[in-house]
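We're numbering straight along the sequence, starting at 1. These values consider heavy atoms only, across backbone and side chains, with no hydrogens, waters or symmetry-generated copies.
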Amino acid sequence: MGGGAAAHDPFDIFSSFFGGSPFGGASSRGRRQRRGEDVVHPLKVSLEDLYLGTSKKLSLSRNVICSKCSGKGSKSGASMQCPGCQGSGLKISVRHLGPSMIQQMQHPCNECKGTGETINDKDRCPQCKGEKVVQEKKVLEVIVEKGMQNGQKITFPGEADEAPDTITGDIVFVLQQKDHPKFKRKGEDLFVEHTLALTEALCGFQFVVTHLDGRQLLIKSIPGEVVKPDSFKAINDEGMPLYQRPFIKGKMYIHFTVEFPDSLNPDQIMALEAILPPKPTSHLTDMELDECEETTLHDVNIEEEMRRKQQASQEAYDEDEDTHGGAQRVQCAQQ
């Protein structure tokens, strides 16, 4: 504060808090570093990997700051202002869209690759050839933890491409779960499809499911239990482990489909009628039955049938639209 004190920049305190001058320009003590882009890689994993956990070593190439020139690009450390963009690193191109209409577009300068500076050919660093960075191979070990989900990200901070005056971005691995031939996953639960013969559904069943960790699970019905088509059974604690809580597991659901025989011979019908509950009796008299018209049932694929009907309905609607539209046009011409 005394008369002999050195002069101070009145905006130093503003710069220390906000990284720039109050008028929007760069700070006199340096500009804020930009952040480099993240590098994203998909990583295919099996359902077994997500159930048991695994690690995968991956070799990647990335740019690192040249050690010989410390990212300067030149032997002397000197550089010149790019004449193409006057050191801004950007160029503006103008497009004429019409009378009194123009469009301005900003893009990185192609002469200096957006750096705003050029290096004399004779002064270029022999190791990086003036590029300021060199390629390096690095092996990353990706730890896939138990219970991780499809689409979950595993991040390696600061492992992306390096560049001068730039905060290095991250390498991000995105898990992509491969389809499993037996199990379907929904959150922490597993679903299994199993088809029973009609005899198994009525008289009992027993079968083995090989789990994702190789264990053999014996699945069997309760004596006297009848399994109905499209029903579900659940086994507690045999689903997927929870992420970061692997000792807690979801459920395994078994979806049962019952396979019926295509036909029965008369002896089989009589034997079944003798042991199964009696059929419901008809409330119609013989005379009333004689007055009814007999029908014939046909097998049908209902999804295909509905699709065909919808297509035919749409074609008829389009044809009707064309007919009415043509009639209106003729009438207008006559008037």
Does [X] [atom1] have over 12 foreign heavy atoms under 6.0 Å away?
{"X": "Q127", "atom1": "CD", "value": "yes"}
{"X": "R35", "atom1": "CZ", "value": "yes"}
{"X": "I222", "atom1": "CD1", "value": "no"}
{"X": "Q103", "atom1": "CD", "value": "yes"}
{"X": "M287", "atom1": "CE", "value": "no"}

Would you say [X]'s side chain and [Y]'s backbone share a donor-acceptor pair under 3.5 angstrom?
{"X": "N150", "Y": "Q177", "result": "yes"}
{"X": "E200", "Y": "A197", "result": "yes"}
{"X": "D170", "Y": "V172", "result": "no"}
{"X": "D38", "Y": "I171", "result": "no"}
{"X": "Q314", "Y": "Q311", "result": "no"}

| message | Under the criterion salt bridge (Lys or Arg N to Asp or Glu O under 4.0 Å), I'd like the reasoning laid out for E273 against K279: C-alpha separation, chi angles, the key distance, then a yes or no. | response | CA-CA 8 Å; E273 285 182 335; K279 293 186 289 186; 3.2 Å; yes

| request: Over 60° means perpendicular and under 30° means parallel, so classify the ring planes of F207 and F256, tilted if in between. | output: perpendicular

| Aromatic rings F232 and F191: how do their planes relate, parallel, tilted or perpendicular, breaks at 30° and 60°? | perpendicular

Salt bridge or not for [X] and [Y], using N-O below 4.0 Å?
{"X": "R185", "Y": "D179", "value": "no"}
{"X": "K56", "Y": "E141", "value": "no"}
{"X": "E193", "Y": "K182", "value": "no"}
{"X": "R62", "Y": "E162", "value": "yes"}
{"X": "R215", "Y": "E238", "value": "yes"}
{"X": "K233", "Y": "E225", "value": "yes"}
{"X": "K249", "Y": "E188", "value": "no"}

| remark: Residues P164 and G71: closest non-hydrogen pair is CG-O, 3.5 Å

| said: Hydrophobic clusters here meaning ILVMFWY residues chained together by side-chain heavy-atom distances under 4.5 Å, can you tell me if L47 and V142 are in one? | reply: yes

So, [X] versus [Y]: side-chain donor-acceptor pair below 3.5 Å or not?
{"X": "T195", "Y": "E259", "result": "no"}
{"X": "Y253", "Y": "K184", "result": "no"}
{"X": "H180", "Y": "E48", "result": "yes"}

| request: Kindly indicate, with the supporting measurements, whether the criterion side chain to side chain contact (heavy atoms under 4.5 Å, CB included) is fulfilled by L58 and V139. | output: CA-CA 5 Å; L58 302 171; V139 176; over 6 Å; no

| Worked verdict on M252 versus V192 for side chain to side chain contact (heavy atoms under 4.5 Å, CB included) | CA-CA 7 Å; M252 180 186 292; V192 184; 4.1 Å; yes

| L175/F173 under side chain to side chain contact (heavy atoms under 4.5 Å, CB included): CA gap, chis, key distance, verdict | CA-CA 6 Å; L175 300 182; F173 292 97; 5.6 Å; no

| query | Between L198 and V258, does a side chain to side chain contact (heavy atoms under 4.5 Å, CB included) hold up when you go through it step by step? | reply | CA-CA 6 Å; L198 180 58; V258 178; 4.1 Å; yes

